[in-house]
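Computed from heavy atoms alone, side chains included, the values below leave out hydrogens, waters and symmetry copies. So you know, we letter chains A, B, ... as the sequences are listed, proteins then strands, and number each from 1. Computed from a predicted structure; not experimentally measured.
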Amino acid sequence: MSTSIPLPGLETITAAEPPQRRGPSAEELLAGLNDPQRAAVVHEGAPLLVVAGAGSGKTRVLTRRIAWLISERRAHPGSILAITFTNKAAAEMKERVEDLVGKRARIMWVSTFHSACVRILRKEVTTLDFGGVGFKSNFSIYDAADQKRLMTLVCNDLDLDPRRYQPGALLHWVSNQKNELRDPEDATKDARNHLEETYAAAYTTYQRRLREANALDFDDLIMFTVHLFQQFPEVRETYRRRFRHVLVDEYQDTNHAQYALIHQLCADAISDGGPMVDPEVERVEPAELMVVGDADQSIYAFRGANIRNILDFEQDFPNATSILLEQNYRSTQTILTAANSVIGHNKGRKEKRLWSDAGDGDRIVGYVADDEHDEARFVSGEIDKLTDEGRFRPGDVAVFYRTNAQSRVFEEVFIRLGMPYKVVGGVRFYERREIRDALAYLRLLVNPADQVSLRRILNTPKRGIGDRAVACVNALAERDRITFWEALRRAEDAPGLATRSLTQIQGFVALVEELQSMVDGGERPDVVLETTLARSGYLTALEESDDPQDETRLENLAELVAVAREFADDPVAGPSADPADVDAGTVAPGLGDFLERVALVADADQIPDDDPEDQGVVTLMTLHTAKGLEFPVVFLTGLEDGVFPHSRALGDQTELEEERRLAYVGVTRARERLFISRAVVRSAWGAPSHNPGSRFLDELPVDLVDWRRTEAAQTRWSRPDLSGGQHYGEPTAAGRRNFSAAAVRADAAARSKPSREIPSLDPGDRVLHDSFGLGTVVALEGAGDKAVASIDFGSEGVKRLLLRYAPVEKL
DNA sequence: GGCGTCTGGATTTTT
DNA sequence: TCCAGACGCC
């Protein structure tokens, strides 16, 4: 059932629709907009570039324009394609448009490039032919981890020295090829030296293995869609006929393949798709295009984004017009002046100066910390002050850093000082082992060719199908040129396979086939998932384990089941709603639909919105994650050369400019208060290193920053009060012992050293757990090595922990 | 086939 | 400092 997803409206789009005029009036749609914003909303005809500075109300312009198209220009909602950067942004935009023009907006396509391409490919991918071996529409989508596994297999296939050719580096190269729309043949043809030949060979094999697994990676989604349009003009015309209005947000972060896709739909010249143009195919006028972006916020060059797409827009699309939005509705003038000043150091940009009539506001506060712990204490102390004054809640505050690793210190210190926080990003839910395992099972049920998933769970939980058995089956698969899954089903033919392994394999095959029949019967995704976890023995294995982490794993799996249930009950809600298919009422959401949403959603559910629960909690995230968000109070931390800008960018002008844009993004997230800080000494993997201040600090106007402290205390452990600066909660001797990085990370060590001292606890005691945070002891059972405590960790729930292993400290 | 130990590599940023 | 993969022993 998941093999075909209909495109609602595709066939009926040209049918006459009774004009529905119960939407907002034109005045309402333009209310509260400034002149350039209005111009963008009502613009007709030629391709339009809206250069939208940070905080200049571009989301408003986008949503109002869509509403305008629908209600003033009578565009059919189904003829609108809007591309956003994240699924969350897509869901929000759709919701806002729906608020304006009502339910009929639901039929619009508002999604990321990747989601849109998946929808097209699910329908059309069988058209593409790869020498007779094509893809089926139930293809899997491989993320970074799957890709790495697959590339490792490729390295083995080709017998590549893993030290010279790392899977990660190969994948990066392959990704670049795909972003440039170059297939393995192109790469092979153009290889100039041995190294490139090897890379091209890896690309070829990698692509072959993907095809055998009926799987596409993220880059394939875009590249295949472009190739589809280029090679099959009639398919392209179908979509050109459908999408009369195309809107692209965050245009500065598009790569070449995405640019080409837009071009296919919106460019005038229809013949630039290559040699296969069929004059018989009816010509369709290009769609009306609007792109919105800000070259100063281009921060994804590392993954192939091409800033030239936005800089060259007017050349790429002849007779294009552009509109500049410079008035900022978010920040104080102080913050904007700082941002303008920093970004002004980039060369070759189009001048743009943000301004605000919100007044100057407070000065920026700066602090030079002794080390990263001191920096975190400073941040925590300032947040305390801000919230004590009553002007802000913790939920108004965000702490930004350059790399995920920096979050750790903040977490340690915040836990100790009782500062409530949440980390966005980092180890994501969907990257956890147990979640990946569960999803691998589900993917296998939908797409048995998916070898990466199959191999992942074949012996998970342990069921006695080891390397040797896999090798035997693999040999059979290669001998008879069948998929690995087919070979498993015919395992009795595999030479050299031990009887015991054979029995195990047959049991596994029976299990999978039984589960598959559930899927074929249209069973709900959550039911399939629960059954899978139970019948596979996965739950039992975790329940019986005495690794304390496995308790959390069980909870995570329960959470996944809950997500699936929510999806089955109401596919429209939830993080990445792009539910036009489901809205059409033609299909109940199946397992395939669930997997698709999960594959393309990032960590959208973590980003704070109006959830009241988030209002009492400080948000920690990387600068990249912060793009598109805003907070009343922002802490920009780790401003040190080598940290931010990142050490790998220091020697390269282009990369340095990207770092600077990242700084610009960070500064412009702040509405009212901005704090900047750096640490004189910072430990990078064990050894402390001494970093000079970030060059971006020198680019701030001196008079805008109120430096609370400009240098570290003389001696590391001397009392900084003496230096005239403020000081934040110097750790007590006990605190330092208990909360040193070593102690916090002693988890693994504790397990291998059973001699670890068992804390003596009583009900009512307050304790600190490495991962659950603060808790209260509820009950105790057993004694000595077998002592088990039930501890209430508040929002984390009540845990039963074996004290011998549990990383808890009595407070 | 499973499990423990050792070594080497990793840290940008993510759809 | 931590983690993953390789290797070797039970």
Practice task
Round to a whole Å and report the spacing from NZ of K148(A) to P of dA10(B).
Solution key: 8 Å
Exercise for the section: Compute the ring centroids of F302(A) and H624(A), then answer whether they are less than 6.0 Å apart. Expected result: yes
Handout entry: Nearest listed nucleotide, side chain of K462(A), among dT14(B), dG2(B), dG1(B)
Key = dG2(B)
Practice task
Please state whether the phosphate of dT14(B), meaning OP1 or OP2, lies under 4.0 angstrom from any side-chain nitrogen or oxygen of T622(A).
Solution key: yes
Problem - dT11(B) OP1/OP2 closer than 4.0 Å to side-chain N/O of S647(A) - result: no
Problem - Between dT14(B) (P) and I222(A) (CD1): distance, integer Å - result: 18 Å
Practice task
Mind checking side chain to side chain donor-acceptor pair (under 3.5 Å) for E655(A) and listing every partner two or more places apart, or none if nothing turns up?
Solution key: none
Practice task
Would you mind classifying the nucleic acid contact of N459(A) as base, sugar-phosphate or nothing, using non-hydrogen atoms under 4.0 angstrom?
Solution key: sugar-phosphate
Problem - Phosphate OP1/OP2 of dG1(B): any S501(A) side-chain N/O under 4.0 Å - result: yes
Handout entry: Residue H646(A), side-chain atoms from C-beta onward, closest of dT11(B), dT15(B), dG1(B)
Key = dT11(B)
Problem - Which residue lies more 5' along DNA chain B, comparing G464(A) with R648(A) via nearest heavy atoms - result: G464(A)
Practice task
Identify whether any heavy atom of Y300(A) sits under 4.0 Å from a base atom; if not, whether one sits that close to sugar-phosphate; answer base, sugar-phosphate or nothing.
Solution key: sugar-phosphate
Handout entry: Geometric class of the F410(A)/F414(A) ring pair [parallel <30°, tilted 30-60°, perpendicular >60°]
Key = perpendicular
Exercise for the section: Kindly confirm whether the side-chain ring of F85(A) is stacked on the base of dT15(B), judged by centres under 5.5 Å and planes under 30°. Expected result: no
Handout entry: Straight-line distance of R209(A) CZ to L153(A) CG, nearest 0.5 Å
Key = 4.5 Å
Problem - Side-chain N or O of N404(A) closer than 4.0 Å to phosphate OP1/OP2 of dT14(B) - result: yes
Practice task
Would you mind reading off the distance between D249(A) atom CG and dT15(B) atom C1', rounded to a whole angstrom?
Solution key: 14 Å
Handout entry: Rounded interatomic separation in angstrom, taking CD from E250(A) and P from dT14(B)
Key = 14 Å
Practice task
To the nearest Å, give me how far apart CD (Q406(A)) and P (dT13(B)) are.
Solution key: 9 Å
Exercise for the section: Rounded off to whole Å, could you give me the CG-to-P distance for the L121(A) and dT15(B) pair? Expected result: 20 Å
Completion exercise
Ranking E659(A) and R468(A) by the position along DNA chain B of their nearest nucleotide, the one closer to 5' is R468(A)
Exercise for the section: Verify side-chain hydrogen bond (donor to acceptor under 3.5 Å, both in side chains) between D253(A) and Q258(A), making sure each step is shown before the conclusion. Expected result: CA-CA 10 Å; D253(A) 286 323; Q258(A) 291 163 339; over 6 Å; no
Handout entry: Interatomic distance, R433(A) CZ vs dC3(C) C1' [rounded to whole Å]
Key = 12 Å
Exercise for the section: Choose from dC3(B), dT15(B), dT14(B) the nucleotide whose nearest atom is closest to any side-chain atom of H624(A). Expected result: dT14(B)
Handout entry: Proximity to the side chain of H114(A) - top-ranked nucleotide from dC3(B), dT15(B), dT13(B)
Key = dT15(B)
Practice task
Could you check whether A144(A) gets within reach of a base, just the sugar-phosphate, or nothing at all, counting any heavy atom under 4.0 Å?
Solution key: nothing
Problem - Stepwise side-chain hydrogen bond (donor to acceptor under 3.5 Å, both in side chains) check, S140(A) with N447(A) - result: CA-CA 7 Å; S140(A) 297; N447(A) 173 22; 3.0 Å; yes
Exercise for the section: Specify the separation, in whole Å, of atom NE2 of H172(A) and atom C1' of dT14(B). Expected result: 13 Å
